[in-house]
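For ligands, and for the atoms within them, numbers begin at 1 and follow the listed sequence. Keep in mind that this is a model prediction, so the values were computed, not measured.
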Amino acid sequence: MKRLLCVLCVLCGFQSARALDRQAFTFTDYDLQIKVTPESQSLEASGKIILRNDTAQLQRNPVLQISSTIEWNSITVAGKSVQYLAQIYTSDIDHSGGLSEAIVTLPQPVPPQGTVEIEIVYGGKVPQDSTRLTRIGAPAQTAAHSEWDQISESFTGLRGIGFVAWYPIATEAASLSEGNQVFDSVRVWQQRQSSSRMRLSFCWPGESQLAANGQSTAAAMQPAGLNCRALQYEPIGTAVPTFVIGPYRALNQPPMAIQYIAGHESNAHNWAAAGEKVAPFITQWFGQRQRPVQVVELPDKDMHPFDAGSVFFTPLVSGDEKDIQVVLAHQLAHASFQSPRLWMDEGLAHFAQALVREQQEGRKAALAYMDERLPPLQEAEEQFLPAALGKASGPPPRGQPLAGATDEVFFRTKAMFVWWMLRDMVGDDALERALRAYRPDQDKEPSYFQRLLAEQFHRDLQWFFDDWVYRDRGLPEFHITAVYPRKLIPEDWSVTVTVENSGSAGAEVPVAVRAAQGEERKRLEVRAHEKTAVRIPIPVLPQQAVVNDGSVPESDMNNNSAEIKTPDSSQ
Ligand SMILES: [Zn+2]
């Protein structure tokens, strides 16, 4: 009956589906009380939200969306029930592949920049659900490792926007089968609500503890038999509000603050020790920490870790301490260095991981670590390959300039390589000094960091920033077009190596001349679509020339060497 009434409401209050603008309102304030009951896999929420009309027209139909397994129970404005149409809206922005959408008809339209306060009540079950991944063909088990969000007796953990809409949102439908749509729509949402405020109070039964990425505040009430915690996100920024409830214990061992599951104490100590060991190296690169590194354990070793800004949710696997150090380097870098630009914020955190790998076992190990992450980037940049250019049926364009990239393959993987290349070009000292001089509040334009670097390093880097940061020109593609060995004095050789870059992005790349006894190398700047030669002296018989040791991401690494033919090599 309730549903039927709603449909009738639509006929009188809501004009036409085509006029619906789901992004008309920004959600500026959340004030929610949430009761979580693991035993029944459910939550009940009530509270108020404030919406601001960010369009130039009067708006009367705000849209409120929550996960499709939750239902709207009541929506009121100024104490009076308002008309709304409840429907399931198919969208992969939620783990269930759908949203319970309420299309509200307000008693009065909201003028541009005006706000409306809406009281809401909603509730329902949130079981583990991988529908959005399995329906595009992901194997069920792998999908479950990534979609770990759920309320259940064994584990309760919910991530917000992009995973489970456990608080109201309003987004256009997004599909995982449409390239980057889901990711883009999450980013758009996050950017719009980044200065919004969220106040949450959680209550749950039993002895369990809650861990989250919000700031703790005093809980207003503590109903009998329930545990309660209050949190705020002020502002929300780029955080995805995330919480877990379980038998958590705390281990505070600076710089680490670890919340682990009872019984896993020895793993927690191993992680704390690994963090303590690698911390000084990260501080040297990225400056003093602004906050501790908070790690919250996920109970199943196969669950995918989640980087929730100030908190890292991860299984505390027991393993090689070196591997744990590499994982923690990412969070340590975040704790020291923050930027509103993803390619800097995340890119540098990934770069920090490669640096730690290098410190552990040398440059080769670091390059191997980066190389494992290269194939998805090569695929994302395929459209720029000479073979694809000018073809109507090439791969779909995915390119994004790094400076504003929202696709992870760019702001994580490509950015990691870009920081590594910059470091190879300018040296550790200049890069460290430029990073120390960085002030997030002064970063108002994309060229800000380039200027900081120019104060430390006086060679022209404009071409590099143009090819790699301000624009997406794909990856370089190197091959050796000529090698001329010349014998100087009895034992010494000079080898001239000509390298062609048929890609559209230039780079400074290492060129090596190898011999049975070792190798000599030089760095060579090869701009896009150019050929450049370098002369490399070597005191023994040269056998092979190789361009790129893997530090420059390129489209194809399989055509990078040439044998050196000398009159002596046939002896
Ligand atoms: Zn990160």
Side-chain angles (χ1 to χ4, degrees), residues 146 148 157 159-163 180 183-184 186-187 189-191 194 211-214 233 236-242 244 255-259 271 274-275 278-279 281-283 285-298 303-317 323-357 366 369-370 372-373 376-377 400 402-420 423 435 438 440 443 449:
S146 118
W148 46 255
R159 292 168 283 188
I161 181 72
F163 299 92
N180 229 25
F183 210 79
D184 286 343
V186 169
R187 286 283 162 214
W189 172 262
Q190 285 186 310
Q191 267 156 18
S194 63
N213 60 348
Y233 299 82
I236 298 177
T238 53
V240 173
T242 299
V244 295
M256 307 293 297
I258 300 179
Q259 282 173 289
W271 278 62
V278 75
F281 176 71
I282 299 295
T283 313
W285 263 96
F286 300 97
Q288 289 303 320
R289 275 179 302 283
Q290 320 284 315
R291 57 177 193 227
V293 172
Q294 297 184 64
V295 171
V296 173
E297 181 176 6
L298 293 175
M303 286 176 168
H304 290 188
F306 179 61
D307 182 359
S310 58
V311 179
F312 186 53
F313 293 84
T314 179
L316 294 183
V317 288
D323 294 339
I324 301 172
Q325 286 181 359
V326 171
V327 171
L328 289 176
H330 188 101
Q331 304 310 317
L332 282 158
H334 276 321
S336 288
F337 188 97
Q338 283 117 44
S339 166
R341 298 184 190 281
L342 282 171
W343 82 276
M344 297 195 68
D345 203 65
E346 287 301 337
L348 282 165
H350 289 277
F351 170 60
Q353 295 183 273
L355 286 172
V356 166
R357 200 67 200 95
Y369 172 85
M370 296 203 295
E372 279 172 36
R373 285 146 187 85
L377 175 61
Q400 296 187 335
L402 208 48
T406 56
D407 185 336
E408 293 192 285
V409 77
F410 295 105
F411 73 72
R412 294 184 190 276
T413 309
K414 188 171 181 176
M416 170 184 71
F417 277 104
V418 165
W419 289 109
W420 188 278
R423 177 252 187 155
L435 289 173
Y438 180 85
D443 188 347
F449 184 75

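Side-chain contact annotation: Q400 with T406, donor-acceptor N/O pair under 3.5 Å present.
A cation-pi arrangement, defined by a distance under 6.0 Å to the six-membered ring centre and an angle within 45 degrees of its axis, is absent between R423 and F351. R412 forms no cation-pi arrangement with F410, by the criterion of a distance under 6.0 Å to the ring centre and an angle within 45° of the ring axis.
Counting heavy atoms from C-beta outward, D345 and F411 have side chains that stay 4.5 Å or more apart.
Ring centers of F306 and F312: at least 6.0 Å apart, outside the cut-off.
Atoms of the protein (N, O or S only) found under 2.8 Å from the Zn ion (ligand 1) are D307 OD2, H330 NE2, H334 NE2, E346 OE1, E346 OE2.
Every residue two or more places apart in sequence or in another chain that forms a side-chain hydrogen bond (donor to acceptor under 3.5 Å, both in side chains) with Q190 is listed here: R187.
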